[in-house]
Amino acid sequence: DKFAFLYEVVGFRCNKIERVFIKSVSGFSSFVDFLVFYQEKQPTQNDIPLYAIEETKTDDKESRNTGVYQRASKFVFVEIYYPKIKKVMLYNLKIEQKEEPTATYIFGTRLLLTLGVEILGKKLGSKIFQPFHSVNEIVALKRAMRKAHKGNIPILIKKVGNKITVSGRLFKSGGLAHDPNIGALSLISAVIRKLGWTGEIVITKHGLKQKHLQADSKFIKIANHLRLQIQGLVLPASKMRENYWKYETEGEKFGTIFIHLVVENFTKGFSIFENHAGCEKGYFITSDGKHIPLEKYSDRKAYKAGNKKKIISIPDLILIDFGRSEIINIEGKKYQFRKDGIKELKSFGDIEKTYIKKYYPKFKIIRTVVLYGGTEKKVIEIEVGFLLNENGDLVLGIKAPALFKEAIKNLLDFWS
DNA sequence: ATATAGAACGGTACGGTGGG
DNA sequence: CCCACCGTACCGTTCTATAT
């Protein structure tokens with residue numbers, strides 16, 4: 001009757017693959033979304049994964065540097081541990097892809113291709129999207145791109161003799177934290193090295209001071225690996241951790257992901273909104289199956305003017321129970337923070353008014369907390385619908401939604 | 001004037017750290 | 001040992017000069 005923290009994917013057939021298992025892991029520094037191993041036994045630190053996969057929902061249409069640059073540092077980083085790993089950038093787009101690719105997108109994607117990254121989930125015109133063959137080609141394409149507007153620091157690549165300079169702001173909110181540019185500069189530098197350049201590579205116009213360079217930062221690690229210089233500053237030597245990943249045992253999302261999957265696989269209910277990861281982009285699914293992005297603020301102007309209450313708080317998961325005409329708004333938390341979860345239930349008024357009641361007017365709305373962690377085998381708080389504890393015990397709350405009870409019952413029946 | 005696109009900025013989770 | 005604090009990483013949205 002216990003969850004073993006291992007999921008098996010069923011319902012497919014493949015001659016080369018008998019069974020597929022999924023387990024939660026996390027990284028110590030920069031880390032891709034998925035590692036795929038092809039082997040008999042559960043992976044250990046000694047095993048080498050076949051694929052490293054990075055996923056995004058951001059299209060060129062929404063953002064240029066985030067869509068293509070921001071994730072790139074992960075591919076550069078993972079190669080330090082697994083030089084031969086197959087790298088995949090997976091665009092999981094729920095909206096229409098932008099018709100004409102922008103120059104930034106073409107430039108970034110060609111860099112990724114040169115690094116050996118396979119692009120999935122997007123249509124790539126085969127004439128435009130070719131790997132680069134020389135450093136000069138990269139310099140020329142970047143130079144031909146539209147210039148950044150005044151006040152911004154443009155990314156520019158210059159080659160003089162035995163030295164290449166790459167400009168780009170790396171300073172953000174008090175430190176070396178400008179993610180899109182950490183990605184862009186890592187990617188550009190890695191590709192230049194890949195094309196055989198052994199001369200100097202100097203990062204300029206970064207906006208950093210010496211104290212911002214911490215040996216633990218992912219960019220400093222990459223800079224050491226690629227032998228980059230940061231203009232005007234001394235690059236601290238970085239020490240790489242021995243391992244790239246570990247099995248995850250802590251995250252609050254264990255609980256909400258579990259209930260999400262059990263409901264979808266063992267009842268007729270399903271998710272109409274999910275946000276298991278922090279700032280993940282989420283779509284609300286309407287009654288006729290459309291995906292709509294959620295507004296972030298109930299009153300944008302007021303929020304920007306300082307009224308922080310005008311943000312729309314979103315649940316971690318919204319499940320729908322058609323049979324009982326119920327919609328379940330779920331907040332996920334670790335067991336020790338259950339009080340915070342109960343408090344947050346009170347803030348779901350906006351989303352219920354703006355989205356749920358609008359698209360599902362006849363449904364009854366239930367708010368509940370789903371917990372992970374601890375070793376308790378029961379929960380006292382009536383606001384808690386379900387608890388998965390760290391021993392794998394499945395604990396239904398006193399007033400658990402009927403859909404939860406049905407899901408757990410069917411799950412246990414299936415396995416007994 | 002206005003849409004575009006290059007770049008900056010914002011919000012959340014989590015782990016390390018140090019004081020009580 | 002607990003917990004507040006802070007920095008890093010992650011994943012988005014927003015800003016705004018410029019091209020059209």
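A, B, ... follow the sequence lines: proteins, then strands. Residue 1 opens every chain.
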Rounded to whole angstrom units, what separation is found between the CE atom of A:M145 and the C1' atom of C:dT18? 14 Å
Any side-chain donor paired with an acceptor under 3.5 Å for A:N92 and A:E55? yes
Check every atom of B:dA8, C:dG12, B:dA7 against the side chain of A:R169 and return the nucleotide holding the closest atom. B:dA8
Can you name the residues that form a side-chain hydrogen bond (donor to acceptor under 3.5 Å, both in side chains) with A:N391, not counting sequence neighbours? none
Nucleotide of C:dC10, B:dA8, C:dG12 approaching A:R71 most closely (side-chain heavy atoms): C:dG12
Would you mind reporting whether A:R71 and A:M89 have side-chain heavy atoms less than 4.5 Å apart? yes
Using whole Å, report how far CZ of A:F75 lies from C1' of C:dC10. 14 Å
Proximity to the side chain of A:K334 - top-ranked nucleotide from B:dG10, B:dA5, B:dG15: B:dG15
Could you state the CZ-P distance from A:F219 to C:dA9, rounded to the nearest angstrom? 12 Å
Picking from B:dA7, C:dT18, C:dC10, which would you name as closest to the side chain of A:D179? C:dC10
Please tell me which of the listed nucleotides, C:dC10, C:dG12, B:dA5, lies nearest to the side chain of A:T102? B:dA5
What nucleic acid atoms does A:K333 come within less than 4.0 Å of, heavy atoms only: base, sugar-phosphate, or nothing? nothing
Please pick, from C:dC11, B:dA7, B:dG10, the nucleotide with the shortest atom-to-atom distance to any side-chain atom of A:K172. B:dG10
Can you measure A:L176 atom CG to C:dG7 atom P for me and round it to whole angstrom units? 14 Å
Value for CD1 (A:I188) from CZ (A:F132), rounded to nearest 0.5 Å, stands at 9.5 Å
Go through the N and O atoms of the side chain of A:N65 and the base of B:dA8, and report whether any donor-acceptor pair is under 3.5 Å. yes
Would you indicate whether the side-chain heavy atoms of A:R338 and A:Y335 approach each other to under 4.5 Å? yes
Rounding to a whole Å, what distance do you find between A:D33:CG and C:dC10:P? 9 Å
Is the distance from OP1 or OP2 of C:dA9 to the nearest side-chain N or O of A:K221 less than 4.0 Å? no
Against the side chain of A:R146, the closest entry in C:dC10, C:dG12, B:dA5 is B:dA5
Flag side-chain contact, heavy atom, 4.5 Å: A:L50 against A:I85: no
Expressed as a whole number of angstroms, how long is the span from A:Y372:OH to B:dA13:P? 18 Å
When we call it a touch if two heavy atoms are under 4.0 Å apart, what does A:I153 touch: a base, just sugar-phosphate, or nothing? sugar-phosphate
Across the strands shown, which category fits A:P180 at heavy-atom distances under 4.0 angstrom: base, sugar-phosphate, nothing? base
Could you tell me how far apart A:L156 (CG) and B:dA7 (C1') are, to the nearest whole angstrom? 12 Å
Categorize A:E54 for me: base, sugar-phosphate, or nothing, with a 4.0 angstrom heavy-atom threshold over every strand shown. sugar-phosphate
A:H178 vs B:dC9: side-chain N/O to OP1/OP2 distance below 4.0 Å: no
Along DNA chain B (nearest heavy atom to each residue), the more 5'-positioned of A:E344 and A:N181: A:N181
The side chain of A:F31 is closest to which nucleotide in this list: C:dA17, B:dA7, C:dC10? C:dC10
From CD of A:Q70 over to C1' of B:dA8, roughly how many Å is that when rounded to an integer? 11 Å
Select from A:H212 and A:T56 the residue whose nearest nucleotide in DNA chain C is closer to the 5' end of that strand. A:H212
